[in-house]
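Structure first, then comments.
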Amino acid sequence: METTRYLLLILVSFLAFSASHVTADFTYSSRLIHRFSDEAKLLRVLRNDGGVRLPEMKNLEYYELLVNSDFQRQKMMLGTKYNLVFPSQGSKTTSFGNDFGWLHYTWIDIGTPNVSFLVALDVGSDLLWVPCDCVQCAPLSASYYSSLVGRLSMIMCSVIYGASIMQDRDLSEYRPSGSSSSRHVPCSHQLCESSLNCKSSKQQCPYTIDYYTENTSSSGLLVEDTLHLASVDDHKLNTSVQASIIIGCGMKQSGGYLDGVAPDGLMGLGPGEISVPSVLAKAGLIRNSFSMCFDDEDSGRIYFGDKGPPTQESTHFLPSDGKYETYIVGVEACCIGNSCLKQTGFSAVVDSGTSFTFLPNEVYERIAKEFDRRINATTTSYPGYPWKYCYKSSSEELPKVPHLKLVFPLNNSFVVFNPVFVVYGIQGISGFCLAVQPMEGDVGTIGQNFMTGYRMVFDREKMKLGWSPSNCQDLADGKRMSLSPNGTPSNPLPTNEQQSTPGGRAVAPAVAGRAPPSKPSAAAHTHLPSSSLQFCYINLLPLLVLWYLLVSSFPIDTGTTTHG
C-alpha cells in the first residue's frame, strides 16, 4: 500500500512537470491494456490480487461481463438525474373550454414557501411568466370565474365545466419579495434578451412578449426562483425535485390575457434557452426532451425528460433562417380517407398553444373540398364560428367522418382521427365543422385539436417530433402519477368538458411571436490558453491519475465468490 502511494506521488509529480514544460513538438502515447487480457491478469498476480478469477477472453462469461459493463456505462452516459419529471402537483393537464382559449393548463408550484399557479401550456413560446406585482392583470378571484359560469349558463343554456375549478380557490399573484429563494435577474445575465434597453448591467432585466393574437402581450421583469417538481423512477414513490428557473414577473398583460385566457400565467415550452425544458436539461436533471398528451376528454399529461417509445413515428424539425426558434415540421402531402392529394405539401409550426389548425390557403382549399365531397350531411353555418365547412347532424351521433392524414418524409404518417369540432345545442349535438382554417403564407400551424389521442414528444436532442397513439395514462400507473410527492391527491382538475357553447367564439390566443433578435449573449466567453497542447495535457492529468487508480483498484466484481 505504501509503495502504491509513492508510485502515485511520483506519477502526479512527473505529469505536472511534463505539462508545465510541454512543447508543441511533444507527443505523448500510451499502450492500452484490456482489463481481461493476460497482461492485466499478470499485473493482478504481481499485486497479490490473483484471488479473484477473471474470465477467459471471448467465452460466454467474458461477453456477459462486457454487456453488463456496457449497460452500466450507458446509464452513466445519460448524465441525467431523473428519467421523468413533472409538476409537483401531478402530471395532469386540462382544457377549460372556450373562454379559456381551449388551452391546456396545469398546476405548478413556485418559490419558498411555494405558491400554486394554474398556467397555460404553450410550445410556441419560451418564457414561463405568472401574474406578479400586478399593474394590469386578469382577475384572480374565484368569485369572478364563478359568476362567469353563471352568466354563460343563463345566456347560452350551457355550462363551461372547466371554470368550476375556480369556484373554490382564488388564483395566485406572485410576489418576489415574499419568496426567500427569489433573486433578481440582472441585465448582464446571458438570458436577458432586452439588455440593450438597460441603463446599467446591474439593472433588473425587463421582458416583453408580443403574441400573434392581436394586442396580446405580457411584460414585466425577470426573476430567478425555485420550480417544484416531482419524479417517479424505477417504480419508486414520487421524489421531490427543486429546480432554479427564470420566471417572468408579469406585471402588465394585455389583449386575451385580460379576458380570461391564461389568467394565472403561461409556461413556454419552446426550444429557447430560457424555457423550462431547456433549463432542466442544462442542469442535468432530465434528458433534453418532453412530451405532452391530449385525450378526447379535454385532459392530458406532461412529462419532462420523456423521449417516447421506440415504436413511435417521427420527423425532423426544420430550422428557420438556420435557427431552431420554434418547432417546425415539413409535411409532404395530405390525405382525406384513402385519397392523397397532389400539391398539398407545406411547412407547419407544431403548437399546443394554438387551439385549432391553420393551413396555407391553397392546401386548405384542396383538403376542404375533398372533405366536403366525402361527407354525407347537409351543409350549414353557425354564426360566431370561424369555420367555413359546417354540417347539420340530425341525431345524437355524427355521420361517418373521414380521417385526415399528414404524410411526412420516409413515409411517416400522422393520422387525425377526428378533424371536426362538434357543435352542441339544447338537445345535444347540433352539428359539426371541419376544424381547420385557411391562412396567408406558406407556413401553417398544427394546433392542439390535431394532436388529440397522441403522445407528442418534442425531442430537442435529436431535433425530432415523435408521436404515438396514447390514452394519456400509459407512462406509469395513473393512480400513483396523480399523487403529489407526499402522497396526497393533487389539486382537483375538472373532468369531461363540453366542446362548445352555441354562439361562442373559438380563438387561438397563445401563439407566441418572437421579439427581434437581441444582441449576442452577455455571458463571458472562456478563451483557451495560448499553448493549446499544454492546455490539453493539463486536462488529461486527472484522467491519467484516474486510470492509474482504476488499474490499482482491482479486483473487479465478476459475480463470483472467492473463498480464502
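The shown structure was predicted, so the numbers you read here are calculated from the model rather than taken from an experiment. When reading the values below, keep in mind they use all heavy atoms of this one structure, side chains included, and skip hydrogens, waters and symmetry mates.
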Quick one: list whatever passes side chain to side chain donor-acceptor pair (under 3.5 Å) with Asn361, sequence neighbours left out.
Glu440
Test of understanding: with side chain to side chain donor-acceptor pair (under 3.5 Å), list the residues that count as partners of Trp467, not counting sequence neighbours.
none
Should the pair Tyr303 and Phe86 be assigned to parallel (<30°), tilted (30 to 60°) or perpendicular (>60°) ring geometry?
perpendicular
Less than 2.5 angstrom apart at the SG atoms, yes or no, for Cys205 and Cys198?
no
Per the side chain to side chain contact (heavy atoms under 4.5 Å, CB included) rule, which among Asp306, Val457, Leu269 passes with Phe290?
Leu269
Only counting residues at least two apart or in another chain, list the ones meeting side chain to side chain contact (heavy atoms under 4.5 Å, CB included) with Pro176.
Cys132, Asp133, Tyr174, Ser182, Val223, Cys249
side-chain hydrogen bond (donor to acceptor under 3.5 Å, both in side chains): which pairs involve residues 264-286, sequence neighbours left out?
Ser275-Ser278, Ser278-Arg460
Does Arg183 have any salt bridge (Lys or Arg N to Asp or Glu O under 4.0 Å) partners at least two apart in sequence or in another chain, and if so, which?
Glu224
Excluding sequence neighbours, so at least two apart, what forms salt bridge (Lys or Arg N to Asp or Glu O under 4.0 Å) with Glu313?
none
Please lay out, stage by stage, how Ser218 and Tyr207 fare under the test side chain to side chain contact (heavy atoms under 4.5 Å, CB included).
CA-CA 8 Å; Ser218 175; Tyr207 83 89; 2.8 Å; yes
I'd like to check Arg455 versus Pro309 (side-chain heavy atoms, cut-off strictly below 4.5 Å). Are they in contact?
yes
Cys187/Cys192 sulfur atoms closer than 2.5 Å:
no
If the test is side chain to side chain contact (heavy atoms under 4.5 Å, CB included), which one of Leu118, Thr94, Val119 qualifies with Thr106?
Val119
To the nearest 0.5 Å, how far apart are CG in Asn114 and CG in Leu227?
10.5 Å
Side chains of Phe117 and Leu128: does their closest heavy-atom pair fall under 4.5 Å?
no
Using the side chain to side chain donor-acceptor pair (under 3.5 Å) criterion, which residues pair with Ser181? Sequence neighbours excluded.
Thr112, Ser179, Asp225
Looking at residues at least two apart in the chain, or sitting in another chain, which of them share a salt bridge (Lys or Arg N to Asp or Glu O under 4.0 Å) with Asp295?
none
For Asn197 and Ser194: C-alpha separation, side-chain torsions, deciding distance, then whether side-chain hydrogen bond (donor to acceptor under 3.5 Å, both in side chains) applies.
CA-CA 6 Å; Asn197 300 325; Ser194 303; 4.5 Å; no
Just jot down the side chain to side chain donor-acceptor pair (under 3.5 Å) partners of His184, sequence neighbours excluded, or say none.
Gln204
List the residues meeting salt bridge (Lys or Arg N to Asp or Glu O under 4.0 Å) with Lys307, not counting sequence neighbours, and say none if there are none.
Asp459, Glu461
Between Phe304 and Pro87 the two heavy atoms that sit nearest each other are CE1-CD, 4.4 Å
Quick one: does any side-chain atom of Thr445 pair with a main-chain N or O of Phe358 as donor and acceptor, under 3.5 Å?
no
Which word best sums up how the rings of Phe294 and His104 line up, parallel for under 30°, tilted for 30 to 60°, or perpendicular for over 60°?
perpendicular
Taking side chain to side chain contact (heavy atoms under 4.5 Å, CB included) as the test, write out the residues that go with Pro319, two or more places apart.
Tyr324
Would you say that Thr216 contacts Val261 through its side chain, given a criterion of any heavy-atom pair below 4.5 Å between the two side chains?
no
Val279: partners by side chain to side chain contact (heavy atoms under 4.5 Å, CB included), with sequence neighbours left out
Ile245
Does the side chain of Phe458 come within less than 4.5 Å of Leu465's, by heavy atoms?
yes
Once rounded to the nearest 0.5 Å, what's the spacing between atom NE2 of His189 and atom CD1 of Ile274?
8.0 Å
Can Gln448 and Ser355 be said to form a side-chain hydrogen bond (donor to acceptor under 3.5 Å, both in side chains), step by step?
CA-CA 5 Å; Gln448 201 179 98; Ser355 314; over 6 Å; no
